[in-house]
Amino acid sequence: MATVSVRRTRGEGYEDIKRTVDQVLADLGGLGDIIKPGDRVMIKPNLVACPTERLSGGVTRWEVCLAVYEAVEAAGGRAYIAESSAAGADTEQVIQKCGYQGLRDRGIPVIDLKQKENARCVMEVPGGVVFEKINTWELVRDTDVFITVPVMKTHDQTEITLGLKNMKGLLSDAQKKAFHKEGLVEGVADWCSVLKPALEIVDGTYGQQGLGPIFGETKRMDLICGSKDLVACEAVVGKIMGYEPEEVMITKAAHERGLGEMDLGKIQVLGCAIEEVASRFKRSCEITIEGVPASFSLIFHRDACTGCHNTVLSALMDMKARGLFAYLEHMNVCVGPCTEADLPDGASAENTVCVGVCSRGLAERLGLRWVNGCPPCNADVAQGILGDRKDYGARYA
């Protein structure tokens, strides 16, 4: 039976956080079964992009990574913390903003994978559903044990983002974008089937709800959760957040690949019971975006998936942050398998954009703009709306 530990934190100081992380690791039987002396162990936080505040719930706090690092070193492993932030985001800037430079100052390796000295390589994906080969770095290829340390937060394309989705940060920027073009959910399952992370420790001290992983609202939870079965961990943490396991596409896909257990009836939860700490997170689809022009039409087909639905909302939020709402005037955006009957009067190639693979047929029949992806990334949606009127540039792919 899979085991998941859920423990409350009892303070904000490092020793308080470390005490809780150590308790979670003890609940899971320690690290002796996954780390041999001398193993190269990568600790992978979620440092997706620069947050407004380091404890906003958007990034993994350094205290949790340090506690994991010290536990790995005590077990005889050779630990390092490594990350490649979202496509278009500056990893080094996030490291500085979020306090990880302080770990470097203590001699702890905190590696920005995007730096040129980290050589690139290609890894094979035996039996891959979406990818046969994936572009990454030699450091990733040569790592013996992966520990994923995500934040407890919602996601505009995958409902929630935890340890499985967090491994996408170990891809080159071009490969991150390819995941969105070819299939994000199954692509993550492909990648995790190769890397086989041995442990997930969730930083649930401060989470993020609503339009995560960047524009969400901070939600304080004061929790640390963990498991050596990542699927079980995400089933339990998702349930704490208000999601049934089968609602979360990545959890379901990973379970179907045999990567772990998602049946809550077959998972032992130690520490706090789910119902004791459960607190529903606002979902991405529940947010409202103020200031959208009245002439803008957003058409969601009833069969549109949450991935494309939430991506469009997130792209609009990103455009708002950049002051680009004027470009939405008299524009139409279609999401899902829309037909001609769904379009408003006056829809044309100049003012109508179809988003996602399901909308391709309509776009081709009418010669409309089309944004490829399943789901596409925010930057591509925004650029599809802008057309040739403005160069949006890559961000948060």
Side-chain angles (χ1 to χ4, degrees), residues 40 42-50 58-60 80-95 110-151 155-158 161-198 200 212-214 230 234 249-250 253-254 257 259 307 311 372-380 394-397:
R40 295 160 294 186
M42 181 180 290
I43 299 165
K44 167 61 174 72
N46 184 327
L47 302 180
V48 59
C50 248
V59 295
T60 308
Y80 37 89
I81 298 165
E83 173 65 303
S84 159
S85 297
D90 186 335
T91 310
E92 194 62 32
Q93 186 180 33
V94 186
I95 286 171
V110 179
I111 300 165
D112 173 2
L113 289 169
K114 293 187 183 185
Q115 296 296 319
K116 293 180 181 179
E117 62 266 23
N118 296 299
R120 300 284 184 89
C121 72
V122 174
M123 290 182 67
E124 303 286 336
V125 185
V129 172
V130 180
F131 296 101
E132 295 180 354
K133 296 180 179 180
I134 286 178
N135 295 305
T136 183
W137 288 271
E138 291 179 358
L139 181 66
V140 176
R141 181 198 63 195
D142 297 339
T143 291
D144 299 308
V145 180
F146 293 92
I147 299 176
T148 178
V149 189
V151 195
H155 193 275
D156 53 21
Q157 297 166 341
T158 58
T161 174
L162 295 168
L164 292 162
K165 171 73 166 50
N166 188 40
M167 301 307 289
K168 179 171 168 278
L170 299 181
L171 307 172
S172 68
D173 278 9
Q175 187 72 68
K176 290 185 180 85
K177 295 177 182 179
F179 267 48
H180 288 273
K181 297 289 188 186
E182 304 299 329
L184 176 60
V185 172
E186 294 295 343
V188 168
D190 279 347
W191 190 217
C192 289
S193 72
V194 173
L195 298 185
K196 296 181 173 61
E200 177 169 353
I214 297 164
L230 272 65
E234 306 200 3
M249 294 178 286
I250 289 177
R257 296 280 194 101
L259 298 180
T311 295
N372 188 18
C374 187
C377 66
N378 295 8
D380 287 347
R395 186 185 187 194
Y396 307 144

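We find that K177 and D380 are not joined by a salt bridge, their nearest charged nitrogen and carboxylate oxygen being 4.0 Å or further apart. A salt bridge links K44 with E83; the closest basic N to acidic carboxylate O contact falls under 4.0 Å.
For the pair E200 and P150, the tightest heavy-atom approach, listed with the atom from each and the gap, is OE2-CG, 3.6 Å. Minimum heavy-atom separation, T91 to S85: OG1-N, 2.9 Å. Summarising the geometry of G58 relative to V48, their closest heavy-atom pair is O-CG1, 3.9 Å, with the distance given to 0.1 Å. In plain terms, the two heavy atoms of M249 and T158 that are nearest each other are CE-CA, 4.0 Å. In plain terms, the two heavy atoms of W191 and M123 that are nearest each other are CH2-SD, 3.9 Å.
From N135, atom CG reaches atom CG of L171 across 8.5 Å, with rounding to the nearest 0.5 Å. Taken to the nearest 0.5 Å, the CD1 atom of I250 stands 7.0 Å off from the CG atom of L164. L195 CG to F146 CZ: the interatomic distance, rounded to the nearest 0.5 Å, is 4.5 Å. To the nearest 0.5 Å, atoms CG (D90) and CG (L47) are separated by 12.0 Å.
A donor-acceptor pair is defined here as one N or O able to donate and one able to accept, closer than 3.5 Å; no such pair exists between the side chain of T143 and the backbone of R40. The main-chain N or O of P375 is found under 3.5 Å from a side-chain atom of H180 such that the two form a donor-acceptor pair. Under the 3.5 Å distance criterion, the side-chain polar atoms of T60 are matched with a main-chain donor or acceptor of V149. Side-chain N or O atoms of D190 include one that pairs as donor or acceptor with a backbone N or O of F131 at under 3.5 Å.
At least one side-chain heavy atom of P45 sits less than 4.5 Å from a side-chain heavy atom of I81. Counting heavy atoms from C-beta outward, K176 and S84 have side chains that approach closer than 4.5 Å. Side-chain contact between L139 and L113: present, with at least one pair of heavy atoms (C-beta onward) separated by less than 4.5 Å. The closest side-chain heavy-atom distance from E92 to Q115 is below 4.5 Å. No side-chain heavy atom of V194 sits less than 4.5 Å from a side-chain heavy atom of I134. Counting heavy atoms from C-beta outward, V130 and F179 have side chains that stay 4.5 Å or more apart. By the 4.5 Å heavy-atom criterion applied to side chains, T311 and N378 are counted as neighbours. Counting only heavy atoms from C-beta outward, the side chains of Q175 and T136 never approach each other to under 4.5 Å.
For E132, the CD atom counts as loosely surrounded, since its 6.0 Å shell holds 12 or fewer non-hydrogen atoms of other residues, nucleotides or ligands.
Between D173 and the options R120, K168, K114, a salt bridge (charged side-chain N to carboxylate O under 4.0 Å, His left out) holds for only K114.
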Side-chain donor-acceptor contacts of residues 182-189 below 3.5 Å, not counting sequence neighbours, with atom names and distances?
{"residue": "E186", "atom": "OE1", "partner": "R257", "partner atom": "NE", "Å": "3.4"}
{"residue": "E186", "atom": "OE1", "partner": "R257", "partner atom": "NH2", "Å": "2.9"}

